[in-house]
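Chain letters run A, B, ... following the sequence lines, proteins first, then strands; residues in each count from 1.
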2 protein chains.
Amino acid sequence: MDLDRASPRPPADRRPTRERLLDAAEELFAERGFAGTSIRAVTQTVGVSVSAANYHFGSKEDLLHATLRRRAEPVNQSRIAQLERAEAEAGPAGPELEAIVDAYLRPAFSYEVVPPEPRRQLLARLFSDPPEIVAALRRDLLGEVTQRFVDALERVLPGRPRAEIALGLEFAVGVMVHLVGQQHSLVPDASDGTPFFSSAEIADRMIAFAASGLRASVAHAAD
Amino acid sequence: MDLDRASPRPPADRRPTRERLLDAAEELFAERGFAGTSIRAVTQTVGVSVSAANYHFGSKEDLLHATLRRRAEPVNQSRIAQLERAEAEAGPAGPELEAIVDAYLRPAFSYEVVPPEPRRQLLARLFSDPPEIVAALRRDLLGEVTQRFVDALERVLPGRPRAEIALGLEFAVGVMVHLVGQQHSLVPDASDGTPFFSSAEIADRMIAFAASGLRASVAHAAD
DNA sequence: GTCTATAGTTGGATAGAC
DNA sequence: GTCTATCCAACTATAGAC
């Protein structure tokens with residue numbers, strides 16, 4: 001029973017402090033944003049001292065960046081994987097617009113790629129925390145993937161200016177961020193508290209909304 | 001020249017302190033959110049003491065609420081006015097879906113209703129500041145107007161469940177909030193810094209996007 | 001209605017022991 | 001790698017003078 005004596009703590013506590021700090025920070029930053037979250041709140045959640053966080057991450061801003069990076073990377077990988085799969089399955093004309101939009105939007109909404117609330121809300125902070133804190137990182141995390149998707153969309157919207165396509169994708173990002181951020185007023189609940197829509201149904205409808213909207217906004221006032 | 005001696009300050013300084021505080025608070029809350037804004041930053045902008053703000057508004061939270069209320073009310077009035085105008089112009093079948101969506105989305109985007117950046121961004125904080133601070137006010141400010149628009153949409157989408165329509169409108173709100181919040185990565189600038197799209201053009205395309213998306217999301221998996 | 005002064009917290013970050 | 005202790009700055013809110 002040496003093993004038991006050496007690991008008396010529950011599994012969650014045996015993970016490296018650095019990762020436990022990232023987990024706690026992710027949850028708090030997701031719920032309260034950068035300014036609304038203190039390093040102390042993070043370290044008290046984990047049960048370590050403030051200086052432990054500063055040792056591992058250097059500053060509060062770097063801690064936020066680390067949480068955002070950790071979460072954005074699997075989302076982007078899933079986006080690319082979905083897009084490549086759609087391209088492999090499609091003929092030489094390339095995948096349908098709906099499939100491209102699906103590949104971009106669904107990963108941020110999938111519990112297989114992103115943890116449940118409240119941590120899922122974290123990526124919305126990339127768009128609501130102050131620009132000095134998140135703008136450069138946002139470009140770094142989203143720029144390349146997004147250009148890849150604009151490329152794909154150009155093939156199904158031949159002749160349309162790239163800027164119009166990018167604007168349409170920006171609209172789609174807006175819908176996604178709003179839903180991921182979970183500050184809804186309108187999505188109704190049934191009177192007994194059961195939601196009217198499952199998460200998967202919301203995602204399906206969101207994708208239908210964005211795909212149709214993208215087509216229409218790009219066709220808008222077409223010359 | 002008694003008048004001159006009695007009013008030596010520029011016009012901006014002659015407005016009541018309460019309103020100058022609201023103006024400064026609006027700009028700072030819009031840019032930095034609730035937690036990222038201090039009462040001191042607001043009062044220093046105006047050039048009064050901290051206790052002046054607490055005298056007029058009671059607390060930081062009440063100050064935020066006052067700024068949000070002041071800005072939301074004209075937007076809602078414009079929404080209702082636009083909707084009623086569309087209803088008056090339409091036949092007995094009621095206005096087109098596009099006109100309804102336009103009436104809901106355009107006011108928050110119009111410089112005739114809302115001041116320019118950064119203050120225009122304020123209403124996006126209704127969806128990114130902590131729920132304890134904004135959720136109840138959000139329902140108060142948006143609930144009634146939005147139900148009115150769901151009513152109007154039910155007439156052009158006969159037979160569709162109200163919940164589906166509300167979800168579609170929630171998607172549209174997401175696009176609007178994202179654009180009003182001004183944290184874009186994708187909308188491209190020309191290399192010389194001139195934006196590709198004017199504000200009006202973005203609004204037009206946003207409305208085309210949302211209207212088409214709403215139709216598609218409500219039609220989605222229709223039984 | 002606005003001020004000064006201050007109470008009482010909380011914050012980010014670092015020094016230095018272990 | 002984690003701690004305690006500490007610095008110092010900034011914060012919200014209020015009391016009380018004018």
Side-chain angles (χ1 to χ4, degrees), chain A residues 6-68 70 125 129-130 132-134 137, chain B residues 6-10 12-29 31-68 70 125 129-130 132-134 137:
Chain A
S7 54
R9 288 174 299 185
D13 279 345
R14 305 214 44 240
R15 306 184 45 239
T17 295
R18 192 191 144 87
E19 293 191 16
R20 292 165 59 214
L21 284 169
L22 277 178
D23 291 342
E26 176 171 33
E27 180 157 337
L28 289 166
F29 282 137
E31 285 184 310
R32 311 157 93 77
F34 179 74
T37 301
S38 67
I39 294 188
R40 296 178 125 83
V42 174
T43 55
Q44 282 170 20
T45 302
V46 173
V48 298
S49 71
V50 176
S51 34
N54 276 311
Y55 169 79
H56 283 290
F57 298 100
S59 75
K60 182 181 168 182
E61 184 170 338
D62 288 335
L63 174 57
L64 174 69
H65 289 180
T67 67
L68 287 168
R70 184 180 68 155
R125 294 295 170 191
D129 274 329
E132 323 88 77
I133 310 289
V134 296
L137 183 66
Chain B
S7 55
R9 291 173 297 183
D13 278 346
R14 306 215 41 241
R15 304 184 46 238
T17 294
R18 191 192 145 89
E19 294 191 15
R20 293 165 59 215
L21 284 169
L22 276 178
D23 291 343
E26 175 171 35
E27 180 157 336
L28 289 166
F29 282 137
E31 286 185 310
R32 310 154 96 74
F34 179 74
T37 301
S38 67
I39 294 187
R40 297 175 116 81
V42 174
T43 55
Q44 281 171 20
T45 302
V46 172
V48 298
S49 72
V50 176
S51 34
N54 276 313
Y55 169 79
H56 284 289
F57 299 99
S59 74
K60 183 182 169 184
E61 184 169 338
D62 289 334
L63 175 56
L64 174 70
H65 289 180
T67 67
L68 287 168
R70 184 181 67 156
R125 293 296 169 193
D129 273 330
E132 322 87 77
I133 309 290
V134 295
L137 182 66

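- As judged by a 4.0 angstrom heavy-atom cut-off over every strand, B/Ser38 is placed among residues touching the sugar-phosphate backbone only.
- Note on B/Arg70 versus B/Asp23: salt bridge recorded, some NZ/NE/NH1/NH2 to OD/OE distance being below 4.0 Å.
- Among the atoms of the strands shown, only primed sugar atoms or phosphate atoms (P, OP1, OP2) are found under 4.0 Å from some heavy atom of A/Thr37.
- To the nearest 0.5 Å, the span separating OG1 on A/Thr67 from CD on A/Glu27 amounts to 12.0 Å.
- Contact of the A/Phe29 side chain with the A/Leu68 side chain is not registered, since no non-hydrogen atoms from C-beta on lie closer than 4.5 Å.
- The line from NE2 of B/His65 to CD1 of B/Ile133 is 6.0 Å long, rounded to the nearest 0.5 Å.
- The residue among A/Tyr55 and A/Val50 whose nearest nucleotide of DNA chain D lies closer to the 5′ end is A/Tyr55.
- Toward the 5' end of DNA chain C, the nearer of the two residues A/Ala41 and B/Val48, judged by each one's closest nucleotide, is B/Val48.
- With sequence neighbours excluded, the residues that form a side-chain hydrogen bond (donor to acceptor under 3.5 Å, both in side chains) with A/Ser49 are A/Ser51.
- Nucleotides of DNA chain C with any atom under 4.0 Å from a heavy atom of chain B span, from 5' to 3', C/dG1 to C/dT4.
- Atom CD1 of residue A/Ile39 and atom CG of residue A/Leu64 lie 11.0 Å apart, to the nearest 0.5 angstrom.
- Residue A/Arg40 contributes atom CZ, which lies 16 Å from atom P of D/dA10 at whole-angstrom precision.
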